[in-house]
Amino acid sequence: MRYRRTIQLIAGLAALMIMSTGCGDDDAETAPESPTGTTAEITTLEQGTLTVGSDIPFPPFEFREGGEETGFDVEVVEEIASRLGLAEVTWVDTAFDTIFVNLAGAQFDAAASATTITPEREEMVNFTIPYYRAQQALAINTDATPEIQSTDDLSEGDTVAVQRGTTGELWARENLEGQGVEVRSFPEALDTYTALEAANVTGVIFDEPSVAEEVGRRPGLELVEPIDTGEEYGFAVNPDNEALLEAMNTELQAMIDDGTYQQIYDEWFPEAPAGSVATE
């Protein structure tokens, strides 16, 4: 399943296209009936296409392989789009620290970028039901600072790297700056690990699946402490498109109920952190 799928509409539904918001026609057509029996009058920026913003790469949730988008988020979103009768998903690479502003400004229909649902973000965009339970983690350079085994070992003079605009940055600033730890933000996720490899920072605070993925790729880095933050990921949706939000929620719940979600989850997280799979 690790490739980008272009979803084909069956011939009997080929004439039932979703009206694009950019067409200038006020009359939105009804989307083809989904496998759940749900029909929804949804509009998208491009007729028959779900346009999704994402900060790529962020493995294992979204990244490119052979020039095509893949990852956990990618497969879940493309399955939702298939069930909505949409012809394809177009992925738009965007910086994480502006992704919600861009979504609210209708640059894409939805955002899928391992995004935690927070009250501050909900003021700008809508979120689907949660699809992943997450926490943060601390990674260190075992050659440079093997003595650091938890955030309690960090002190004045130490520096942790975070990605700008993430909940990892928020947690680090709220919990570590008070003990004299410098929090250094980077625009891109992978830059934090590169800085750690070079021993330019003492540690990285990031979403646990991302940390686990990257330390497995980079000898000398180690995940030393999971940090329970009780976060939940949701797909963000343009706040002016309530019909799309409702339709995505319906199909996401159906995927959870019929076992499709679990199949995709097991593929990407064979050794997943306990309790991270969506069950409701």
Side-chain angles (χ1 to χ4, degrees), residues 18 20-21 40 42-46 49-63 69 71-84 86 88-136 163-171 187-189 206-207 209-210 229-256 261 264-265 268 276 278 280:
I18 299 171
S20 168
T21 55
I42 61 172
T43 58
T44 54
L45 293 173
E46 182 180 346
T49 298
L50 185 69
T51 303
V52 182
S54 186
D55 184 13
I56 304 170
F58 191 71
F61 291 93
E62 47 271 326
F63 60 100
E69 290 81 7
F72 179 67
D73 281 358
V74 173
E75 291 209 13
V76 173
V77 167
E78 293 195 345
E79 177 65 21
I80 291 172
S82 174
R83 291 172 180 234
L84 291 176
L86 297 170
E88 64 179 339
V89 177
T90 296
W91 293 89
V92 180
D93 196 357
T94 188
F96 190 83
D97 59 349
T98 59
I99 197 169
F100 302 110
V101 173
N102 292 344
L103 177 58
Q107 293 190 26
F108 20 83
D109 301 306
S113 199
T115 53
T116 299
I117 302 169
T118 70
E120 294 77 16
R121 292 169 179 173
E122 287 181 310
E123 292 179 2
M124 291 185 285
V125 299
N126 290 331
F127 280 96
T128 64
I129 59 175
Y131 71 94
Y132 188 91
R133 299 188 179 104
Q135 58 187 11
Q136 300 295 310
Q163 185 182 17
R164 187 177 305 138
T166 62
T167 51
E169 177 184 26
L170 179 63
W171 187 92
E188 300 296 334
F206 228 130
D207 298 53
S210 169
T229 51
E231 299 176 45
E232 292 182 316
Y233 292 168
F235 298 119
V237 181
N238 185 309
D240 295 325
N241 202 336
E242 292 284 350
L244 177 60
L245 175 67
E246 181 179 354
M248 289 183 66
N249 275 334
T250 297
E251 303 308 335
L252 178 56
Q253 186 62 60
M255 289 171 61
I256 294 171
Y261 171 92
I264 299 173
Y265 181 93
W268 289 101
S276 58
E280 299 178 354

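All values derive from a computational prediction rather than experimental measurement. Counting begins at 1 with the first residue of the sequence.
Among Thr44, Val52, Val237, Leu103, the single residue meeting the side-chain contact (heavy atoms from CB on, under 4.5 Å) criterion with Phe108 is Leu103. Of the residues Tyr131, Tyr132, Phe235, the one that meets the ring-ring contact (aromatic ring centres under 6.0 Å, His included) test with Phe61 is Tyr132.
Checking side-chain atoms of Thr94 against main-chain N and O of Ser54 turns up no donor-acceptor pair under 3.5 Å. Judged by distance alone, with hydrogens and angles left aside, the side-chain atoms of Asp109 form a donor-acceptor pair with the main-chain N or O of Leu45 at under 3.5 Å.
Between Thr116 atom OG1 and Gln136 atom CD the span is 7.0 Å, to the nearest 0.5 Å.
Counting only N and O atoms by type, the side chains of Trp91 and Glu78 include a donor and acceptor under 3.5 Å apart. Donor-acceptor pairing under 3.5 Å is recorded for the side chains of Gln163 and Asp55. Defined by atom type and a distance below 3.5 Å, a donor-acceptor pair is missing between the side-chain atoms of Glu46 and Thr51.
The nearest pair of heavy atoms linking Thr49 to Thr90 is CG2-OG1, 3.3 Å. The shortest heavy-atom contact between Ala247 and Leu84 is CB-CD2, 3.6 Å. Taking both residues in full, the closest heavy atoms of Phe206 and Ala189 are given as CZ-CB, 3.6 Å, listed atom of the first, atom of the second, then distance.
Counting heavy atoms from C-beta outward, Thr115 and Phe127 have side chains that approach closer than 4.5 Å.
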